[in-house]
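For reference, the structure discussed in these notes is given below.
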Amino acid sequence: DWVRDTFCVYPLGLEAAQKQEREPQDTDIFVFDTDEYRMVITGFSQKREMFLESEYTDYIIEAYVENKTDQEVQFVINNAEFNGEEYTAYYNYYSVSPGKAGYIELSWGEKGFGIENYPNLDSLELTVQIINMDDEKQSVVLEETFAVIP
């Protein structure tokens, strides 16, 4: 994933490159779509792992994000509420270059605890910040909590 998100190969040369547009799917869940930024949930998954005799479950929201501006920004998703229960993310910071888009995974992990009925959620709230990384002060250009109906 890192290679796909970091490098772009132009087999016919840079002058023949075409911008790929993502086709919306029936299963897409739009979080927000403005003139500057877009975030779409494309799916849900979970992963269970054993570590030092303890079971951990990662709850994953797969998303597509777009930065339509000429500034590098960072999408930050700190908190989520699944069916009214608040969870804190452990690494959900994603930089997106000017005019670029990408697929990201938002994950929340819990030791020995489950999010009931995931991913068949009745309600989902995401607290999203978008930070201008080109600004010396790294100012927040968007900060909002979005209620999403999965």
Side-chain angles (χ1 to χ4, degrees), residues 1-8 19-150:
D1 289 341
W2 178 82
V3 171
R4 183 188 68 227
D5 294 342
T6 306
F7 297 98
C8 189
K19 184 176 179 182
Q20 297 295 315
E21 295 292 329
R22 182 180 182 279
E23 292 293 324
Q25 305 295 312
D26 292 341
T27 55
D28 284 354
I29 302 168
F30 281 86
V31 180
F32 58 89
D33 188 4
T34 69
D35 291 340
E36 288 121 358
Y37 313 104
R38 175 185 294 170
M39 182 175 180
V40 179
I41 295 174
T42 60
F44 298 89
S45 61
Q46 57 185 311
K47 177 175 61 175
R48 294 180 195 270
E49 295 180 312
M50 292 295 292
F51 182 72
L52 299 176
E53 298 183 19
S54 295
E55 182 179 36
Y56 290 83
T57 303
D58 284 348
Y59 297 93
I60 300 167
I61 295 174
E62 296 149 3
Y64 170 80
V65 294
E66 272 186 46
N67 174 10
K68 304 173 194 176
T69 71
D70 60 355
Q71 306 285 316
E72 179 175 352
V73 298
Q74 188 174 70
F75 284 76
V76 181
I77 295 85
N78 287 323
N79 297 312
E81 280 191 20
F82 301 105
N83 292 339
E85 296 281 333
E86 189 171 319
Y87 294 85
T88 302
Y90 54 79
Y91 181 76
N92 289 323
Y93 302 86
Y94 299 92
S95 290
V96 182
S97 298
K100 299 292 182 182
Y103 290 91
I104 63 175
E105 287 186 348
L106 313 173
S107 57
W108 290 265
E110 293 293 332
K111 175 183 172 184
F113 186 79
I115 298 174
E116 189 175 328
N117 213 17
Y118 187 89
N120 300 315
L121 302 169
D122 295 324
S123 66
L124 169 64
E125 287 188 9
L126 296 175
T127 302
V128 179
Q129 277 186 339
I130 297 179
I131 300 171
N132 183 345
M133 300 305 287
D134 287 341
D135 180 6
E136 185 177 294
K137 296 179 182 178
Q138 295 187 348
S139 57
V140 175
V141 293
L142 183 143
E143 183 170 20
E144 196 167 334
T145 298
F146 296 94
V148 178
I149 299 174

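Heavy atoms only: backbone and side chains are in, while hydrogens, waters and symmetry mates are out.
Considering only residues two or more places apart in sequence or on other chains, Ser97 meets the side-chain contact (heavy atoms from CB on, under 4.5 Å) condition with Lys100. Every side-chain contact (heavy atoms from CB on, under 4.5 Å) that Gln71 has, sequence neighbours left out, goes to Thr69, Asn132, Asp134.
Contact annotation: the side chain of Glu72 approaches that of Ser95 to within less than 4.5 Å [non-hydrogen atoms, C-beta and beyond]. Counting heavy atoms from C-beta on, the side chains of Leu124 and Ile29 never come closer than 4.5 Å.
With hydrogens and angles disregarded, a donor-acceptor distance shorter than 3.5 Å links the side chain of Asn83 to the backbone of Asp122. Within the 3.5 Å criterion, the main-chain N or O of Glu136 finds no donor-acceptor partner in the side chain of Gln138.
The heavy-atom pair separating Leu126 from Ala80 by the smallest distance is CD2-CB, 3.7 Å. Residue Val96 comes nearest to Asn67 through the heavy atom pair O-ND2, 3.1 Å, listed as atom of the first residue, atom of the second, then distance. Here the shortest heavy-atom pairing between Ser123 and Gly84 reads OG-N, 3.9 Å.
Glu86 contributes atom CD, which lies 5.5 Å from atom CD of Glu81 (distance to the nearest 0.5 angstrom). Rounding to the nearest 0.5 angstrom, the gap separating the OH atom in Tyr103 from the OH atom in Tyr64 is 6.0 Å.
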_From CA spacing to verdict: side chain to side chain contact (heavy atoms under 4.5 Å, CB included), Trp108, Phe82_ = CA-CA 11 Å; Trp108 290 265; Phe82 301 105; 3.9 Å; yes
*CA sep, side-chain torsions, deciding dist, call: Val73, Tyr94, side chain to side chain contact (heavy atoms under 4.5 Å, CB included)*: CA-CA 8 Å; Val73 298; Tyr94 299 92; over 6 Å; no
*Check step by step if side chain to side chain contact (heavy atoms under 4.5 Å, CB included) holds for Asn92 and Ser107.*
CA-CA 7 Å; Asn92 289 323; Ser107 57; 4.2 Å; yes
*Could you give me the CA-CA distance, side-chain angles and deciding distance for Ile104 and Leu106, then say whether side chain to side chain contact (heavy atoms under 4.5 Å, CB included) is met?*
CA-CA 7 Å; Ile104 63 175; Leu106 313 173; 3.7 Å; yes
Listed pairs under 3.5 Å, donor-acceptor, residues 35-42 side chains, sequence neighbours left out:
| unit_1 | atom_1 | unit_2 | atom_2 | d |
| --- | --- | --- | --- | --- |
| Arg38 | NE | Asp33 | OD1 | 3.3 |
| Arg38 | NE | Asp33 | OD2 | 3.3 |
| Arg38 | NH1 | Glu66 | OE2 | 3.1 |
| Arg38 | NH2 | Asp33 | OD2 | 3.2 |
| Thr42 | OG1 | Glu62 | O | 3.2 |

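Exactly one residue among Ile77, Asn79, Val65 makes a side chain to side chain contact (heavy atoms under 4.5 Å, CB included) with Val128. That residue is Ile77.
Between Phe32 and Phe146, the angle of the ring planes stays under 30°, which puts this pair in the parallel group of the 30/60° scheme.
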